[in-house]
Amino acid sequence: MTTDHTSATQPAPLTLLGLGDMGTALARAWLAAGHPLTVWNRTAAKAEPLVAEGARAAATLEEAVAAADLVVVCLLDDASVGEALAAAELTGKDIVNLTTGTPAQARERAGWARQRGARFLDGGIMAVPPMIGIPEAGGYVFYSGDHALFEQHRDTLAVPVGTRYVGTDPGHAALHDVALLSAMTGMFAGITHAFALMRPEQDVKPTAFAGMLTDWLRAMADMSAGMAHQLESGDYTEGVASNLAMMSAGNATLETTAEEQGVSGELLAPFMASMRERVAHGYGDEGLAGLVDMLRQR
Ligand code: FVH
């Protein structure tokens with residue numbers, strides 16, 4: 001049975017396993033807010049600066065887990081979580097796993113924790129270490145899994161970075177995390193291609209171009225709301241401002257310009273091929289929403 005330590009006046013004690021870049025940033029935020037914090041790291045020396053800042057370093061992982069009801073885990077990957085916690089006594093513990101993993105790994109980890117008598121919440125961190133402890137940086141963590149656990153510890157969990165609870169399915173935090181990271185990856189591919197196009201132009205500084213690029217990407221990002229409406233209504237022509245036939249025809253200009261500028265089109269080619277295919281199947285009057293179904297039908 002866990003005890004509710006979370007209160008506005010008395011910062012709750014907790015244990016943090018893992019003092020890599022992210023774990024260390026999280027630790028500093030909890031210490032700065034006055035939380036009694038026990039830390040453990042495989043390489044013990046990484047705890048030393050935190051001890052100087054008020055943390056208690058546990059000699060063993062078992063000692064660290066025993067020190068608090070709330071145990072936050074921030075290790076490299078799911079395999080390291082399994083390895084580190086293999087022999088730990090978890091009965092009655094509230095495990096919050098901030099280690100990045102897949103939705104399936106999170107669901108398995110939830111079952112693993114339940115079998116060992118622990119409650120489990122998975123988290124997907126949407127921030128990099130310098131954003132931790134800086135509310136205005138806009139970082140947050142997606143949480144999913146045991147809702148009572150989340151509610152009980154939400155004030156403590158909100159100390160380093162914002163919280164967004166996305167449901168009782170323990171896999172949903174990881175899924176949201178990976179979906180956003182996947183979107184970011186596509187955006188970075190586009191940014192990389194755009195800088196490559198501009199690279200030979202001595203009179204256009206990358207720093208000047210970056211401002212234009214950022215403004216344009218921000219404006220275009222709002223198109224995801226229109227796609228979402230289409231996916232919900234099932235009408236993929238609803239409110240389409242730029243249809244697929246037009247965009248696909250325009251891709252030829254993008255491809256030719258890349259050739260002219262001596263830039264490989266390899267980062268954009270698969271997406272353009274999918275657009276062409278959808279048009280060839282007779283969906284040229286739609287927006288991009290139909291590609292979502294096409295990807296799932298492969
Ligand atoms: N840093 C970032 O920008 C991203 C932001 C988004 C979220 N990620 C994820 O957060 C997890 C931790 O990331 P990190 O930045 O702290 O990672 P590292 O600095 O590489 O530290 C890794 C820690 O994991 C420990 N560790 C690794 N393997 C084991 C193991 N088998 N048993 C026990 N501990 C293990 C490692 O210990 P040591 O090498 O110091 O002894 C570090 O404490 C991660 O999932 C990111 O994807 C960060």
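Position 1 is the first residue of the sequence, and the numbers go up from there. Both backbone and side-chain heavy atoms feed into the values below; hydrogens, waters and symmetry mates do not.
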(message) If we check side chain to side chain contact (heavy atoms under 4.5 Å, CB included) with Val73, which of these qualifies: Val96, Leu98, Thr99, Leu16?
(response) Thr99
(request) Apply the test ring-ring contact (aromatic ring centres under 6.0 Å, His included) to residues Tyr143 and Tyr165: give CA-CA distance (whole Å), side-chain angles for both, the deciding distance (0.1 Å), then the verdict. (result) CA-CA 5 Å; Tyr143 286 104; Tyr165 182 78; 8.1 Å; no
Mind checking what makes side-chain contact (heavy atoms from CB on, under 4.5 Å) contact with [X], not counting sequence neighbours?
X	answer
Thr15	Leu17, Thr38, Ala64, Ala67, Ala68, Val71
Val159	Trp30, Ala33, His35
Thr256	Glu260
Ala127	Ile125, Met131, Ile132, Val161

(request) Hey, could you give me each pair passing salt bridge (charged side-chain N to carboxylate O under 4.0 Å, His left out) that has a residue in residues 72-84? Not counting sequence neighbours. (result) Asp78-Arg109
(request) Scan residues 26-46 for pairs that pass salt bridge (charged side-chain N to carboxylate O under 4.0 Å, His left out), counting only residues two or more places apart or in two chains. (result) Arg28-Glu53
Please tell me whether [X] and [Y] are part of a single hydrophobic cluster in this structure, the criterion being side-chain heavy atoms less than 4.5 Å apart.
X	Y	answer
Val65	Leu75	yes
Ile191	Leu180	yes
Ile95	Leu157	no

Show the atom names and distances, to 0.1 Å, of all donor-acceptor pairs under 3.5 Å that link a side chain in residues 235-254 to residues at least two apart or in another chain.
| from | atom 1 | to | atom 2 | distance (Å) |
| --- | --- | --- | --- | --- |
| Asp235 | OD1 | Thr237 | N | 2.9 |
| Asp235 | OD1 | Thr237 | OG1 | 2.6 |
| Asp235 | OD1 | Glu238 | N | 3.4 |
| Tyr236 | OH | Asp293 | OD2 | 2.7 |
| Glu238 | OE1 | Ser233 | OG | 2.7 |
| Asn243 | OD1 | Ala245 | N | 3.1 |
| Asn243 | OD1 | Met246 | N | 2.8 |

(message) Restricting to non-hydrogen atoms, name the atom on Ile134 and the atom on Pro130 that form the minimum distance, rounded to 0.1 Å.
(response) CG1-O, 3.5 Å
(message) Ignoring hydrogens, what is the shortest heavy-atom contact between Ala12 and Pro36? Give both atom names and the distance.
(response) O-CD, 3.8 Å
(message) Filter on side chain to side chain donor-acceptor pair (under 3.5 Å), then keep only pairs touching residues 173-184, sequence neighbours left out; what's left?
(response) none
(request) Find out whether Gln152 and His147 are in side-chain contact, i.e. whether some heavy atom of one side chain is under 4.5 Å from a heavy atom of the other. (result) no
(message) For the NE2 atom on His229, are there more than 12 heavy atoms of other groups (residues, nucleotides or ligands in this structure) within a distance under 6.0 Å?
(response) no
(request) Please name all residues satisfying salt bridge (Lys or Arg N to Asp or Glu O under 4.0 Å) with Asp169, sequence neighbours left out, ordered by chain then number. (result) Arg107
(request) Look only at the side chain of Thr43 and the backbone of Ala45, and say whether a donor-acceptor pair between them is shorter than 3.5 Å. (result) no
(message) Between Asp146 (side chain only) and Leu149 (backbone N and O only), is there a donor and an acceptor less than 3.5 Å apart?
(response) yes
(message) Quick check for you: to the nearest 0.5 Å, what is the distance between Phe188 atom CZ and Leu181 atom CG?
(response) 9.5 Å
Taking distance alone, no hydrogens or angles, what donor-acceptor pairs closer than 3.5 Å link side-chain atoms of residues 18-27 to residues at least two apart or in another chain?
| from | atom 1 | to | atom 2 | distance (Å) |
| --- | --- | --- | --- | --- |
| Thr24 | OG1 | Leu19 | O | 3.1 |
| Thr24 | OG1 | Gly20 | O | 2.8 |

(request) Kindly state each residue pair satisfying ring-ring contact (aromatic ring centres under 6.0 Å, His included) with at least one member in residues 255-295, sequence neighbours excluded. (result) none
Check residues 196-222 and write down every donor-acceptor pair under 3.5 Å in which the side-chain atom is one partner and the other belongs to a residue at least two apart or another chain.
| from | atom 1 | to | atom 2 | distance (Å) |
| --- | --- | --- | --- | --- |
| Glu201 | OE2 | Gln261 | NE2 | 3.0 |
| Thr214 | OG1 | Ala210 | O | 2.8 |

(message) Could you go through Thr91 and Glu89, starting from their C-alpha distance and side-chain angles, then the distance that decides it, and tell me whether this counts as side-chain hydrogen bond (donor to acceptor under 3.5 Å, both in side chains)?
(response) CA-CA 6 Å; Thr91 307; Glu89 172 56 60; 2.3 Å; yes
